[in-house]
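This report concerns only the one structure given below.
Residue numbers begin at 1 in each chain, while the letters A, B, ... track the order of the sequences.
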Amino acid sequence: MYLIKNISKYNNSDRYHNYDEQKNRINSVELAFVQQLFKAKLIVNDDDIAIIHNAVILNYNKDFAPFFSYWPYQSFFNQIQNQFKGKEISETLKTTLNSIKSDLEQPSNVYYNKDKLKLIEKIDSILFQSSNEINIVKPTLFLGEDDFSEFANKIIERLNETEKTIWYKLITKAQKASGSKPTNKYLDETKLLFKKLGADKFKAIINEWFQFVIKYKEKEKTSTTEYSGRIYTHTYYEFISAINIEAIKGFVWMCAHFHDNVTIHNIAKLAERCFRKIPNVGPASAAIGNACLYTLYKSKGLDGIGQLSRLKLRIKQSSTQALIEKYLEEAAKEQGISIYEIEDLAVDDFDLKKGERIWEFDDYKAVFKITGIGKSEINWYKPDGSQQKTMPAFVKDKFSAKLKKLKDATKQIDQMTSAQRDRIDRMLRADRKINWNNFNELYLQHGLMCFIAEKIIWNFTENNTTNTAILINKEWTNNKNEIIKPSANTMVSLWHPATASVEEIKIWRDFSIQQQIQQPLKQALEKYIY
Amino acid sequence: MGIFDKIKSTLNIKNESEKEFEKVVLNTLDEFKETGGYFYNIKVNNLNTYTQNVIIWQDKKRFRL
């Protein structure tokens with residue numbers, strides 16, 4: 001109380017005009033003491049709680065940040081919660097807590113909404129615990145005042161009571177997602193919870209939420225605050241409220257246990273959305289974006305790593321690129337291979353064979369085919385083998401889920417061909433050399449990579465001799481139309497006009513025109529050679 | 001005694017304990033100066049005044065502080 005009195009007195013004094021270094025330092029020590037006293041165990045009675053809050057409110061300078069932001073209210077409530085856990089609380093304390101709640105609910109700058117809502121939730125939780133059995137779960141929904149809460153809470157409210165209870169627990173856990181990485185304890189505890197629910201049910205709902213965020217466009221909002229008797233209005237962009245960002249981050253972390261295509265793809269899209277910049281603000285939500293990168297790195301299998309490799313080219317912020325690079329390096333270290341090899345291994349082939357895949361719908365067939373970088377087509381065939389111009393009508397009704405998968409795969413493959421083309425383009429800078437066996441397996445025999453690799457000019461080096469060739473009629477052919485036969489000792493690297501002579505570039509240019517080769521990369525027809 | 005009287009009395013008491021509290025704060029300040037730390041980020045739980053003195057006080061006394 002002594003400290004609260006002194007700090008309040010100092011804050012209400014004319015400290016800016018009559019600045020005193022010693023007084024300012026004493027004030028800092030006093031504030032540090034208050035924070036520490038609330039952090040350490042301190043037994044307080046009902047009256048003490050009321051006295052502390054009233055002392056704060058009565059002496060508080062309203063021109064400061066809101067009282068709950070200045071004073072360590074979070075620690076204060078933690079004390080109360082620990083002290084009264086499993087015990088019934090008195091009417092006096094209930095009145096005090098409700099009075100604090102009503103003080104918290106007073107309008108304040110939108111910047112403090114997250115802290116405010118967290119504290120209100122804490123009070124509700126203390127009041128709920130005291131009037132209910134310890135094993136009864138408090139209904140917890142998304143707290144933020146935004147469109148996401150409205151969307152996500154409606155989904156929860158539609159569920160049965162058993163499922164709702166598990167979601168309440170999951171949301172409570174998610175709302176505590178702080179820091180840059182989840183702890184193992186957090187991941188284990190949440191895994192137990194969603195296992196109770198069923199991983200598929202869990203994924204279905206969170207993927208719906210992720211989709212909502214991916215498609216959501218930030219909104220322009222206006223906030224009004226009062227300072228020194230004047231009303232100030234300012235406009236700002238809100239993507240998702242700060243408190244929901246924390247909760248979504250928690251749910252993204254929980255996905256580190258999964259490696260299915262849909263979830264991984266959604267998390268990668270979510271990362272892309274969250275790193276997209278809002279004018280005058282910066283990335284829409286770096287916190288969710290970073291959580292996505294972590295989850296992609298930690299997810300089982302190599303699909304997540306494949307998406308990280310793609311995001312490295314899509315996200316421009318240097319700090320984010322450094323983070324992706326760090327995760328890729330760590331993943332490579334764990335596997336005992338280089339960062340480039342892990343990127344090679346992580347490319348999903350989407351079950352393609354030579355750039356094609358057949359999807360069956362009863363006796364009808366949909367033949368998916370890559371036609372270019374970022375381009376593909378689907379042709380429909382009747383049971384008799386003849387082509388049908390449009391999709392058969394029954395497919396939409398009878399195979400809606402399968403059709404959705406086909407459409408999703410199409411989008412993902414289109415994105416992936418562009419990303420992989422760009423990755424190959426970076427090989428020159430990285431001075432990447434691949435041995436023939438790996439090149440054959442990870443590029444030429446790969447359902448998706450073969451489409452790109454077969455149209456690129458490569459250097460084949462063996463015994464200090466380098467031959468440059470492209471695949472023509474299934475044979476590696478140099479620009480003099482001679483066949484090259486690589487062996488297990490051959491090292492393959494990207495041929496690039498930047499390292500070739502003008503003469504050689506001209507020959508390749510003429511050769512590619514003559515052979516009518518449409519290259520995914522500007523090699524032979526690179527503009528700057530003219 | 002009503003709650004406001006309690007607050008009033010708590011805030012207006014000028015006694016020995018206040019002098020002791022003042023001394024604790026000043027000692028902590030001196031101790032902290034010696035660490036060379038920044039004043040915007042003081043952690044009293046690393047300082048002797050707190051760990052050897054304040055922490056062993058009874059709850060009531062710490063509440064008064």
Selection from B/L29, B/L47, B/V54 maximising heavy-atom pairs under 4.5 Å formed with chain A: B/L29
Test of ring centre spacing under 6.0 Å for A/Y232 and A/H234: no
Among A/Q175, A/E246, A/K176, side-chain contact (heavy atoms from CB on, under 4.5 Å) partner for A/K118: A/E246
Heavy-atom contact with chain B under 4.5 Å, split by part of A/N24: neither
Part of B/I55 lying under 4.5 Å from any heavy atom of chain A: neither
Near-ring test B/W57/B/F21, centroid separation under 6.0 angstrom: yes
Within 45° cone of B/F63 ring axis and under 6.0 Å: B/K60 NZ or CZ: yes
Any B/L65 side-chain heavy atom under 4.5 Å of A/L3 side chain: yes
Heavy-atom pair count under 4.5 Å with chain B, highest-scoring of A/R25, A/E30, A/Q35: A/R25
Residue A/K41 versus chain B: region with a heavy atom under 4.5 Å: backbone
